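Proteins come first, then strands; the chains are lettered A, B, ... in the order of their sequence lines, and each starts at number 1. Everything numeric here is computed off the predicted structure, so don't read it as measured data.
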Amino acid sequence: MVSFDFTYHRPSSIEEAVQLFASLQRQGKTPIYYSGGTEIITLSRLNLVFADAVIDIKHIPECQSFDISQNQLVLGTALTLTAIEETNAFPLLAKAASEIADRTARNQITLGGNICGQIFYRETVLPLLLVDSDIVIAGKSGVQQRPIHEVFQQSIQLQPGEFLVQVKMNAAYLTMPHVHMKRRKQGKVGYPLVTVSALKKGNELRTAFSGVCPFPFRSPKVEEMLNARHLPIDARIDYALQQLPEPILDDIEGSAEYRLFVLKNTLWDILTELEEAER
Amino acid sequence: MSSSSKCEIPLTVNGEKYSVIARQADTLLFVLRNHLGLTGAKPGCLNGDCGACTVLMDKTPIKSCMILAIEAIGKSVTTIEGLRDAPIQRAFVEHFAFQCGYCTPGFIMNAHALVESTPNASEPIIEKWLESNVCRCTSYFEIEQAVKSVLAEKQASKD
Amino acid sequence: MIGKSVIRKEAWDKVTGRAKYTHDKLQQGMLHAHLVTSPYAHALIHEIHFEKALSVPGVRAVVTGKGLPLTGEDLRDRPPIAFDKVRYHGEVVAIVVADTPIQAEKGANLVQIVYEPLPTVGSPRAALQADAPLIHENLGSYEKNDHTYPEPNTNIAHRTKIRKGNMEKGWSESEVVIETSVAFSPSDHLAMETRCATAEIFPDGRIEITASTQSPFMIKKLISTYFGEDVGKVVVHTPLVGGGYGGKAPVQLELLAYLASKAVRGRKVSVWNTREQDMITSPVHIGMEATVKLGCTKDGMIKAAEILFLFDGGAYSDKAIDVTRAAAVDCTGPYRIENVWCDSLCIYTNHPYASPFRSFGHCEQAFAIERAMDILAEKLGMDKLELRLKNAILPGHTTPTRVLLNRSNVGNLPACIKRLRELIQWDQWQRIELNARTVRAKGVSCSWKTSTIDTEASSGAIVTFNPDGSVNLMSGVVEIGTGSKTVLAQILAGKLKMDIDDIHVKMDIDTQSTPEHWKTVASRGTFMGGRAVLNAAEDAIRQLKAIAACVLRSPIEDLEVGYGKVFVRDDPAIFIPIKDIAYGYKYPNGNAIGGQIIGRGNYTLRHLTPLDKETGAGKPGPEWTVCAHAVEIEFDKRDCTYQILKAVSVVDVGEVLNWKAAIGQIIGAMSMGLSFASRETFLFDRYERVLNPQIRTYQPIRFGEHPEYIADFIKTPQIDAPYGARGAGEHGLIGIPAALANALSIAAGVPLNKLPLFPEQIWRAQKGK
């Protein structure tokens, strides 16, 4: 239950959504874009989110697009995680999506909602970071396409009134060797201790992390160390872990030292799996 | 409460058309229970974590505590009250797949959607679907048996 | 009839959404309450401002704790609403009552409270430190019952002492001695239905309560005791209950609903817990720290046991006192030990307060003892089942509270062990390395339990007839999911020799018309309720025969009742259908005799006595169910992760009344034990605030994580029980946490004495952290 009141709006075009946001703001309201809605409802219950107008973007055709051509995959941000998983156009993303929450919840959680979430795991971002995807953003100044590395730094960097419409990626990435590993404290449902996505582009190993710091990230320094193929795996991992952007998380899912232990093993598994596949 | 926050919401539930005056911020679960008197869907956590409130929207299981009633406009909602002699109901009875019965409507709706949409569901698929619901009385083994029995019937009737 | 897997009477209601639970009984005009709870675990309350809350449209009242009596079943230490200070995170500080749940919540968000945080107490051992903050400064002045022994100016709410035999002698006969300590924090029952209560007070003073509870009759008595209301004017209704597991035995929200209704001139008010409140505001599963010292001869005969249970009762003692007493009663586990010293303490901390949890102090007690048994076996170099078998308690032995056991009042533990041994192929292997990383291991344990309910607790039943000869059964046993009411119907059907479908069971409890069953706890529904039903059936049979004797012109003693008839024993062709006499008999000329047949029966456990304060001697319960358990796991040595492959419980149930229902009770309890032991705990910050009061961060076992379950039965009848059946609702759980810990200790090669067994816990144990 949401204890505060809001008005609900269901625009059917990008322009309408953007204009609605602006006009609601002019009326002195606090609008919020709304997609699957699960996180907004969850956090509203705890008074961690407030809005007096919600703009449901699920019904905008562009946000529902699922388009695969020879060169490019286009995913609307209002696609549910179940849809991403079951269409399996990008297997690494499908795997990442399939490990989030539980299946019934994934029938509601959307790609865009997960990317923009306040809850900091945002695990669908990991594959998107690895394939250097582009993000289509709608806002006052129209629709623009920007590299994910520019608009996603720890969290999505949007101006007021902007929302995510689509994610685009080069189709060449979709079939590259990849691994996604999510390690939990216990059991098969729940937040991660650590989640690591990895992809091999030729000889280059790319990795992205969630649950390690309070934001998902991909780090050139970490990748540089992991790619130092002249070193044994253990050493590469040790060096890589010295390059984490922030001290490792210490919370109710696991202590920092245990997380480090799990992360090391996870990286070891990923490196061996991908490098063994080479042979 | 400002009057603008309430509005008329037309809903189709269990094949019947309703019109309710509710807050736009009200969840589907709240409206089903408090406006329509359909108390089969249960509040277990209101946080999307337990699955007791699972209903079907256009045949897809969703957690009705995690969706606004107003989002259901134009969709067909099915609650446990809308099932008529579904094989999964009998299977739950025969396999003793519940005790206190509180998680049962949610479990049944999810399992019903599973067996109807994926009659050839493999073990990992059954697991993936049903890990969305928490049961505290049974060991889950009974529920597994119930679901598998319906899947087996479906297979047998196909062959 | 007996042993058949009769489908539970309310089954179809439950699969069609028609089954009604307390919170489903929505009603026009009913007000809704929202609880304002403490963000601190220990703090003084300086000011409460609720003017803003009252200004929210629809808010009708704000209730605070000013001037309320203290409550508590054994020791009155708990204000129903905190007033001068709060003692745990989540404690109720005010209730906001409004027209809608949303308005109540809006109002609750606007209640402003000025607190002054106090130093907190975070564990039983910390609570016993000389300089620990006192949680109850006035412990010495609280009202209490005769068998509760608080220790003023400490944090000890109660101490149960067991002194049996001669410890000096025991230790002198012991050639091998071990000592081990175990611990776990409080956790939760996590019933899927959160607790809920409504109250309405009528102009004539009648108080109507509807509650999701295991104790409707206790609510009635306690509202009378605490608030001076006439006990007859309190009427409690209990519809189906969405899981209890002990958590709905204490009385809490019902008091709040009553107070809230009073504040709005008797209007009906509903108090409903959110999941978060249900987890920490309402009572929880108790935590414990314990030390066990065992001594035995070289060939493994245990000679002495010294046991210290330090229970984390939380901020208020309520039912925790009783739980800690129950653990003491069976402190040794199901073993013959002549020399026993046990102190079981109910200790105050700044944690949510504790209540019974399925097995009532026994899975806790068993965790300590069964870990110690494994450690002892290792030190002796003896087979773990062999050690247990060697010391198994038998008829002729005495329990820690000196009850002499006989062939009826205790089950056959050696038979349970023998069957377990076969089922888990114990003699084939106990630990195998599958490869460099993967190892499989089996852990075992034994358990026992008696009930420790009030010595005068009773159960009643009424049987009435319908014009078609079918029967209505009314019993005070609450249908909390265990299927007890269906089992009672089976007992009745067996006695009346009639079709189970012709027995109509009244599911809901109404304390004004349903005969009392003390509380639906302690796996006593079938025994006590069953005896009451048998007595009620006898009574009805007597009445049926009396009328039939006139009609059939036959002596009463020649008549039999069954198959829908009363008939002459040696000439069944002479009979009268029950339907023709169920409402008396009408002669052809219009004259009538008799009236509706109404059978009544009750049953009170006999010969029970309270425990002696200094020695613990006394008879707490009628019988002991014994069990043997095993858990098989696969352990990843590198990651410290594991899978539970198989869990087995062999329970001496005396007799199985409903096969599938009994299996369901046993394996459901096992599942709960595995979930508790492998993943359930509250996590506290350094100010003792609960960090995970949500299912999302307090994850119980889910579908797909369940292992293979095997439940099997030994049948040593309890002579005085209906069909010889023993209590079994809790027993599948008792030894499971210990068996899991034993299996993992064997696999990991390090003693694992803390629950829950998260892989991180195992990793820490291996690292010596």
Side-chain angles (χ1 to χ4, degrees), chain A residues 1-6 38-39 41-48 50 52 98-105 109 117 119 121 181-194 211 234 248-270 272, chain C residues 32 34 56 96 98 100-110 272 274-276 437 636-644 674-675 677-685 690-706 756-764 766-767 769:
Chain A
M1 283 194 293
V2 183
S3 75
F4 51 80
D5 292 313
F6 54 67
T38 55
E39 184 178 295
I41 293 177
T42 300
L43 298 181
S44 296
R45 283 183 69 234
L46 307 173
N47 294 312
L48 296 173
F50 174 80
D52 49 16
S98 75
E99 295 277 342
I100 294 168
D102 58 63
R103 192 181 184 284
T104 306
I109 300 172
I119 298 168
Y121 301 109
M181 288 186 183
K182 177 167 182 168
R183 307 279 200 231
R184 296 179 185 81
K185 175 180 192 157
Q186 183 78 293
K188 294 179 181 170
V189 175
Y191 292 139
L193 270 169
V194 302
D234 282 352
I248 198 158
L249 268 175
D250 191 336
D251 64 15
I252 57 170
E253 299 300 329
S255 66
E257 45 182 355
Y258 176 65
R259 260 200 169 87
L260 194 63
F261 164 77
V262 174
L263 179 57
K264 267 188 194 180
N265 286 340
T266 309
L267 281 173
W268 199 90
D269 290 343
I270 284 177
T272 20
Chain C
H32 298 265
H34 195 93
V56 172
V96 178
T100 70
I102 296 289
Q103 291 164 339
E105 190 177 338
K106 280 182 185 173
N109 288 337
L110 293 172
W272 174 77
T274 63
R275 175 57 62 187
E276 290 83 351
R437 246 176 88 171
D636 181 324
K637 289 200 275 184
R638 188 197 71 174
D639 289 348
C640 296
T641 53
Y642 60 94
Q643 255 190 301
I644 303 168
L674 287 175
S675 191
S678 65
R679 66 199 73 198
E680 292 186 36
T681 184
F682 284 127
L683 299 162
F684 297 94
D685 71 6
V690 179
L691 294 167
N692 59 336
Q694 292 192 319
I695 295 176
R696 196 172 295 187
T697 42
Y698 180 108
Q699 288 274 358
I701 218 164
R702 284 182 183 255
F703 188 100
E705 291 163 3
H706 56 290
L757 291 155
F758 288 122
E760 177 165 2
Q761 186 61 43
I762 303 172
W763 177 77
R764 285 187 177 284
Q766 285 191 335
K767 295 258 156 204
K769 287 177 185 176

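- In this structure, no portion of C:Pro756 lies under 4.5 Å from any heavy atom of chain A.
- Contact annotation for A:Val262: neither backbone nor side-chain heavy atoms come within less than 4.5 Å of a heavy atom of chain C.
- When heavy atoms are compared at a cutoff of 4.5 Å, C:Asn109 approaches chain A solely by way of its side chain, counted from C-beta outward.
- For chain A, the nearby parts of C:Leu691 are the backbone and the side chain; heavy atoms of each come within less than 4.5 Å.
- Put simply, the side chain of C:Gln694 does not reach to within 4.5 Å of the side chain of A:Thr42, judged on heavy atoms.
- Across C:Arg638 and A:Trp268, no two heavy atoms sit closer than the pair NH1-CE3, 3.8 Å.
- In terms of heavy atoms, C:Arg696 sits closest to A:Ile119 at NH1-CD1, 3.7 Å.
- Rounding to the nearest 0.5 Å places NZ of A:Lys185 at 15.5 Å from OG1 of C:Thr641.
- Ion pairing between C:Lys106 and A:Asp5 holds under the 4.0 Å rule for side-chain N and carboxylate O.
- Most heavy-atom pairs under 4.5 Å with chain C, from the set A:Gln186, A:Glu253, A:Arg259: that is A:Gln186.
- When all heavy atoms of C:Gly704 and A:Lys188 are compared, the pair lying nearest together is O-NZ, 3.4 Å.
- With chain C as the partner, the residue from A:Asp251, A:Asp269, A:Leu46 showing the most heavy-atom pairs under 4.5 Å is A:Asp269.
- Only the side chain of C:Glu276 comes within less than 4.5 Å of a heavy atom of chain A; its backbone N, CA, C and O stay farther away.
- In this structure, the portion of C:Arg702 lying under 4.5 Å from any heavy atom of chain A is its side chain and not its backbone.
- Minimum heavy-atom separation, A:Gly254 to C:Glu760: CA-OE1, 3.3 Å.
- Between A:Glu257 and C:Arg764, at least one side-chain N (NZ, or NE/NH1/NH2) sits under 4.0 Å from a carboxylate O, which counts as a salt bridge.
- For the pair C:Gln761/A:Tyr258, no side-chain contact is recorded, criterion being any heavy-atom separation below 4.5 Å from C-beta on.
- Looking at C:Ser678, the atoms closer than 4.5 Å to chain A (heavy atoms on both sides) sit in the backbone and in the side chain alike.
- Taking 4.0 Å as the cut-off between side-chain N and carboxylate O, C:Glu105 and A:Arg45 do not count as a salt-bridged pair.
- When the candidates C:Asn692, C:Thr274, C:Asp639 are compared by the number of heavy-atom contacts under 4.5 Å with chain A, C:Asp639 comes out ahead.
- Atom-to-atom distance recorded for C:Phe682:CZ and A:Ile252:CD1 is 12.0 Å, nearest 0.5 angstrom.
- The shortest non-hydrogen separation linking A:Ser3 to C:Ile102 is O-CG2, 3.6 Å.
- For A:Asn47, the part sitting under 4.5 Å from any heavy atom of chain C is the side chain, from C-beta outward, and nothing else.
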